[in-house]
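Proteins come first, then strands; the chains are lettered A, B, ... in the order of their sequence lines, and each starts at number 1.
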Number of protein chains: 2
Amino acid sequence: MPQKITLKKISKDLKVSVSTVSKALRDSHEISIETRDRIKNYAKKFNYKPNSIALSLKNQKTKKIGVIIPEIVHYFFATVISGVERVANKKGYQVIITLSGESFDKEVVNMEMLANGSIDGFIMSLSKETMEKQDFHHLREVTNQGMPIVMFDRVCNDIPCDKVVIDDVAAGHEAAEFLLRKGRNKLGIISTVDYVNVGRLRSQGFKEALQQRGFDVENHQFLKIEDIDNCEDAIEDFVLENDFDSLVAVNELFAVTASKALQKAGKNIPKDVAIVAFTDGILSKYASPTLTTIGQQGEEMGGIAAAKLIEKLESKHLDNESYETVIVKTSLVERESTP
Amino acid sequence: MPQKITLKKISKDLKVSVSTVSKALRDSHEISIETRDRIKNYAKKFNYKPNSIALSLKNQKTKKIGVIIPEIVHYFFATVISGVERVANKKGYQVIITLSGESFDKEVVNMEMLANGSIDGFIMSLSKETMEKQDFHHLREVTNQGMPIVMFDRVCNDIPCDKVVIDDVAAGHEAAEFLLRKGRNKLGIISTVDYVNVGRLRSQGFKEALQQRGFDVENHQFLKIEDIDNCEDAIEDFVLENDFDSLVAVNELFAVTASKALQKAGKNIPKDVAIVAFTDGILSKYASPTLTTIGQQGEEMGGIAAAKLIEKLESKHLDNESYETVIVKTSLVERESTP
DNA sequence: ATATTCTACGAAAACGTTTTCGATACTCGT
DNA sequence: ACGAGTATCGAAAACGTTTTCGTAGAATAT
């Protein structure tokens, strides 16, 4: 038996008006106890649930939040989603997810699709291509329409919105400082190309830490990976041609690739080369040896982003035009790859 | 400047009726070319986009599909989502994701929230708790209302719907057979508790392969993990107390845990013990040694599930009451953990 | 000149709610 | 018995669309 049950159907069956049914179900004192019960029993019997589309249209809010991320098969982003979903659900919101696949065009299209009333606000991390182009017109259009955005991780400063990030410079600093304190003095870093903020900023912190300790910073200490899917050869060359006693990698993948290349060449981790990675994901926990990492707290970031967005949504009346940038603390977890 | 632009606003500004605006934008011949152009220019200038909520209400379809999975920080499920999103997007659908967290109650709640008009159909994989309770009333309620469901991986047979699975029995068989052909004859399997279908079925295929080759199947060859988060001790005991020359694990995590325990005990992989895992994820590719796995083709499963659901949605008129179970081929990829 | 067909537009219903505003009939106080 | 108050309900608008139908005037045909 198909047939969704609606107020109208109930009203017809029970020979009362639609408004009476609506009021009865919301326990209005305008309706007599007897009719109230009659209607509520009928509704329960046929498992009536108000149609959320109709409610959205009436209330001009959907109780849904849109998330746009570059990739989902990616530990960090998956944890962020998990955090977003957790707090959104707790507050009665649902989460619509779209993937940009690191493509600017797809990011724009997805954003337009969602901005037409489907959602109340955005949580997003920019695609690589968007970062490269520095074209943010689609974001501006959305904010101009009064729809709030919360950005995380890969953010831009041209758009008025809340942001949730980690202090990448400080984290890069911490990674280098950690190794220096362990007595290492020939450090290398494997990073991404510069237009990816997180890579650039972590490298910058790394460099600062070295300079503060009076080290000269040489070019050969920096490897910038262009194509993350084909990084093995570049990393292998980098770690073998230079005589490092320690390495920082801006993600797990670079770290474990370096680790394996070094072990293949007969080096011992951490005795010969110590390694600190970013993103405390599953690889770090299960690699051999396990990797010391600086966690990005994706779950926490997602939760904070969702909380901030919902806060903005529900205080919309008082034109809250102040924006905040939350900096989430990183946490270094020591494992076998450092002494 | 906030203010969403609507048909009504355009009609007021241009001093025509709402219906005229609607028709003009859809290029109806009922409207003269001049007014059509006037309206279309105005609409483009103010970047008019039809409100999707209003359309959903009118058309009685949302062009959204709901996905319920147990966890998203999980390689297999993330790849499925990725596949779902890819084909759904291509066909003009959006994806709403909710997580059950392996909890029956949350699965029910999420399902009810989505079933009230938010979406046109479901794609889902059951939570562990649901599998254990064998309580599917929430699924039945949804299908009874005429909303189609496509289930994948963790499915149940009590509900009339399309399904997308891998042939777990055949895959378990293949894993065992592969090791037997390599000359191994002391095989063990690390699986999950029996109410998780995939674990049970893979174990069954494993057992059949051994029996067909004339082996006695002993209890000590089977380990069934209850708590996946604290499996290390159980796995370590299992692999060290028995004298296996090869192991099958129903997921990457069990496999790499076993691998590390064995190596810690001085065994060589694959010389002393060969390992075949399920789920061709990131761990298998980066573990040491890398793991031979039977891939679950999550991306493909997700794509197929989405395609089948959308097909059902768009042929709804002819009461298509036949249901199909698609069996996706697994693919064994050989790596270092087998000789 | 009259009847017919086009052309170009508007009115209204429908989708499922909630809410405001009446409206009816009854009770009560005087 | 009459006005005021109360209890109980219904009509209608609104959210933003699309679509069916109606209609006015103009053009054409007889």
Below 4.0 angstrom from OP1 or OP2 of [N], is there any side-chain N or O of [X]?
X     : N      : result
A:S17 : D:dA11 : no
B:S22 : D:dT17 : no
A:R26 : C:dT19 : yes

- prompt: Have A:N197 and A:D153 got a donor and an acceptor in their side chains that come within less than 3.5 Å?
  reply: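 Their side chains do not contain a donor-acceptor pair, so the 3.5 Å distance test is not met.
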
- request: Answer yes if the side chains of A:K63 and A:Q94 hold a donor-acceptor pair under 3.5 Å, and no otherwise.
  value: no

query: Between residues 33-59 of chain A and DNA chain D, which residues have a heavy-atom gap below 4.0 Å?
result: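 By residue number: A:T35, A:L57, A:K58.
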
Gap between atoms [atom1] and [atom2], on [X] and [N] respectively (whole Å):
X     : N      : atom1 : atom2 : answer
A:K8  : D:dG10 : NZ    : C1'   : 16 Å
B:I10 : D:dT17 : CD1   : P     : 8 Å
B:K63 : D:dT17 : NZ    : P     : 18 Å
B:E30 : D:dC21 : CD    : P     : 12 Å
A:K61 : C:dT18 : NZ    : P     : 15 Å
B:K9  : D:dG16 : NZ    : C1'   : 11 Å
A:I31 : C:dT18 : CD1   : P     : 13 Å
A:L25 : C:dT18 : CG    : P     : 8 Å

Considering only [options], which nucleotide approaches the side chain of [X] most closely?
X     : options                : answer
A:L7  : C:dT18, D:dC21, D:dA11 : C:dT18
B:S32 : C:dC9, D:dT18, D:dA11  : C:dC9
B:T6  : D:dG16, D:dT19, D:dC9  : D:dG16
B:Q60 : C:dC15, C:dT18, D:dT19 : C:dC15

message: Over 60° means perpendicular and under 30° means parallel, so tell me whether A:F77 and A:H74 are parallel, tilted or perpendicular.
response: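 If you compare the ring of A:F77 with that of A:H74, the planes turn out tilted.
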
base_contact_polar (C:dG10 base, B:K23 side chain, donor-acceptor, <3.5 Å):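 Donor-acceptor pair under 3.5 Å: yes.
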
- prompt: Got a donor-acceptor pair under 3.5 Å from the side chain of A:S19 to the base of D:dA11?
  reply: yes

field: N/O donor-acceptor pair under 3.5 Å between A:K9 side chain and A:K4 backbone
entry: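 Answer holds: yes.
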
query: For the atom pair OG1 (A:T79) and CE (A:M301), what is the distance rounded to the nearest 0.5 Å?
result: 9.0 Å

query: How long is the gap from CD on B:E300 to CZ on B:R86, to the nearest 0.5 Å?
result: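 Separation between the atoms: 9.0 Å.
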
field: Lys/Arg-Asp/Glu bridge criterion (N-O < 4.0 Å) met for A:K163, A:E324
entry: no

